[in-house]
Amino acid sequence: SLTAKLQEALRRLRGKGKLSEKDVDEALREVRLALLEADVNFKVVKDFISEIKQKAIGQEVLTSLTPAQQVVKIVLEGLTALMGGKEARIAFASTPPTVIMLVGLQGSGKTTTAAKLARMLKGQGRRPMMVACDTQRPAAITQLEVLGQRLDIPVFSMGDKVAPDKIAKAGLSRAADIAADVVIVDTAGRLHIDQELMDQLRDIRQSVTPHEVLLVVDAMTGQDAVNVAKAFNETIGIDGVILTKLDGDARGGAALSCRAVTGKPIKFVGVGEKLDALEPFYPDRMASRILG
Amino acid sequence: VGGRARLDQDTLDQIEEILIEADIGAVRASQLVEKLRDEVKRSGNGTRVNDIIKNDLLEILGQGNAEITRAEPGTPTVIMFVGVNGTGKTTTVAKLAFHYRTRGHKVMMAAADTFRAAAIQQLEAWGKKVGAMVVSHEEGGDPAAVAYDAVQAAKARGVDYLLVDTAGRLHTRVNLMEELKKIKRVIARDLPGAPHEVLLVIDATTGQNAISQAKVFSQEIGVTGIALTKLDGTAKGGIVVAIKDELGIPVKLVGIGEGPEDLKPFDPVMFVNALFE
Ligand SMILES: Nc1nc2c(ncn2[C@@H]2O[C@H](COP(=O)(O)OP(=O)(O)OP(=O)(O)O)[C@@H](O)[C@H]2O)c(=O)[nH]1
Ligand SMILES: Nc1nc2c(ncn2[C@@H]2O[C@H](COP(=O)(O)OP(=O)(O)OP(=O)(O)O)[C@@H](O)[C@H]2O)c(=O)[nH]1
Ligand SMILES: [Mg+2]
Ligand SMILES: [Mg+2]
């Protein structure tokens, strides 16, 4: 564990009063490695380490902690604060329906997460409806419809020959007909560097003006997470992130990368394939998972 | 001389960052750069630094077999696709089916993902697109039974290639890894030598967790090669360097898009060059 590695590195500091710059540099070398191994982007790590260094130098070593524990404490606090401090929620519209749009790379978990979100909101007494705007992947519409049937939640679709922004708009008007108060729009996975598909996403956004655009990111994503988050945020704007597949053993450094580069909060985490596997995001838990 | 040494350190730092950013891994990147520093010292100022590091990477990637193992003539070659959720297994199965179809082979696909919503329909849609037969049962059925029926049908119909699609599963799910072992056992029992390939499908955007995936899938069912998908994005897929180095598993196929033709055999030189672009 990181604490063990730091104990080793800072063994000779027992009984010392303050953390010197040299002590801190040594400790932060281990922290840097831990964060990189956890897939935090190297630029984000660089910035974070220099920030922590400032906080740590000259700090009194608390009598209740070893110097190593002290450093870990400072790092954990820094990570938790960076990660967003407290739990973020869905911003519901003052006049329904609230429109939530899920976007992200191929295979990140959007369709499954759309159904999980719908189930969660239904459990909270709302009336969700899902809209199938992935007209590209074979059987994507069927996938969302099957999930909707399992949950007894309506799914609006118009087949795969209609433009997704038209489907979204028609879905919104269907929501009014059936008094649905939350509309969840599932979109096709796409590359942030695919100009045409990013334009399409902008069209969908403009046709239904979502209250929440959530970027769905796979927890095992590596250094590329910053590129993806930055591009989606700059091209269509995102309000938050949902991190999926956290039930695995990926450390999830992508969470920190996304947060650092967009400033947007992680709102939920996917923790399994079943439709009840969606939890709120806890910054402190994520911080200690990343640190390892 | 002092000035030149400083330039080298900057260059070395830059190279280390390129490697880390490519998901080579922090420890491995610093080891590679240390090795590079020694080699540059010994080589004098003749060889370009970039060429040396590229060769070091090619040394790791280059050996090992990128060919798809074939069965005895007259029996179906069976290729099993495994991996964690969403990496591109089903799409890669379809692309490889298309590749063999365009070469005039008889191809069958087994829809052994009986768990995920519309997984069977997804593969059946692909089957129509690429002209390959699909063997499937109902959703919720036993995936090993699907594999068994597919092997029977493949033998009976003189199929050249049987491609088995399996459900995405996290390597940390012991019961799901047991299910995968059973699928493989059923195939092997019914056709000696099969499956001739077990391809682990890895998403190029994956970070260090891919090593853990490769380790567990390999120790549980044996992996003969990697299909690296989504290399058409901005991720470099450098994680396959660590996997080749630590486990000896070579990359055989590369996915570069969502269409049936977007599959290439792994080209280590192209891959290494792309790391430095
Ligand atoms: N273990 C686990 N699997 C998940 C989670 N979320 C999604 N999945 C699985 O990840 C795979 C991909 O999920 P999808 O919902 O199809 O992903 P997608 O983003 O809609 O994919 P595209 O539409 O092709 O871009 C499926 O096998 C899901 O069951 C999660 O939190 N944990
Ligand atoms: N850009 C790009 N997308 C790909 C590539 N390979 C697969 N995809 C996309 O990735 C998404 C997931 O592909 P699937 O084939 O459903 O993945 P899977 O591993 O079978 O998923 P599960 O069965 O749910 O675990 C789809 O949207 C595919 O079109 C690739 O090489 N490049
Ligand atoms: Mg989807
Ligand atoms: Mg699949």
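Each chain gets a letter, A, B and so on, in the order the sequences are listed, and its residues count up from 1. FYI, side chains are in, hydrogens and waters are out, and symmetry mates aren't considered; it's all heavy atoms of this structure.
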[X] versus chain A, heavy atoms under 4.5 Å apart: side chain, backbone, both or neither?
X: Lys236(B); answer: neither
X: Ala125(B); answer: side chain
X: Glu139(B); answer: side chain
X: Ser212(B); answer: side chain
X: Thr91(B); answer: neither

Do you know which of Lys43(A), Met220(A), Gln136(A), Arg150(A) has the most heavy-atom pairs with chain B at a distance under 4.5 angstrom?
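Among Lys43(A), Met220(A), Gln136(A), Arg150(A), the one with the most close pairs to chain B is Met220(A).
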
Determine the option with the most heavy-atom pairs under 4.5 angstrom with chain B, choosing from Gly189(A), Gly109(A), Ala225(A), Ala139(A).
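With the most close heavy-atom pairs to chain B, the winner is Ala139(A).
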
Given that the side chain runs from C-beta out, which part of [X] has a heavy atom under 4.5 Å from chain B: side chain, backbone, both or neither?
X: Lys274(A); value: neither
X: Glu145(A); value: neither
X: Arg32(A); value: side chain
X: Leu144(A); value: neither
X: Asp247(A); value: both

Decide whether [X] and [Y] meet the rule of one side-chain donor and one side-chain acceptor closer than 3.5 Å.
X: Asn209(B); Y: Asp249(A); value: yes
X: Asp224(A); Y: Thr234(B); value: yes
X: Glu258(B); Y: Gln106(A); value: yes

From [X] atom [atom1] to [Y] atom [atom2], the distance as rounded to the nearest 0.5 Å:
X: Ile211(B); Y: Glu37(A); atom1: CD1; atom2: CD; value: 8.5 Å
X: Lys230(B); Y: Leu191(A); atom1: NZ; atom2: CG; value: 9.5 Å
X: Leu36(A); Y: Gln208(B); atom1: CG; atom2: CD; value: 9.0 Å
X: Asp23(B); Y: Phe42(A); atom1: CG; atom2: CZ; value: 11.0 Å
X: Ser108(A); Y: Asp203(B); atom1: OG; atom2: CG; value: 9.5 Å

What closest approach, in Å, do [X] and [Y] show between heavy atoms, and which atom pair accounts for it?
X: Asp39(A); Y: Gly207(B); answer: OD1-CA, 3.4 Å
X: Glu273(A); Y: Phe115(B); answer: OE1-CE2, 3.4 Å
X: Asn85(B); Y: Asp218(A); answer: O-OD2, 4.4 Å
X: Leu33(A); Y: Ala26(B); answer: CD1-CB, 3.8 Å
X: Pro138(A); Y: Gln122(B); answer: O-CG, 3.5 Å

With a sphere of 6.0 Å drawn around [atom1] of [X], does it hold more than 12 non-hydrogen atoms of other residues, nucleotides or ligands?
X: Arg173(B); atom1: CZ; result: no
X: Lys46(A); atom1: NZ; result: no
X: Lys54(B); atom1: NZ; result: yes
X: Glu178(B); atom1: CD; result: yes
X: Lys122(A); atom1: NZ; result: yes

Less than 4.5 Å apart, any side-chain heavy atom of Gln143(A) and any of Gln121(B)?
no

Find the one option among Ala94(B), Gly86(B), Ala119(B) whose heavy-atom pairs under 4.5 Å with chain A are most numerous.
Gly86(B)

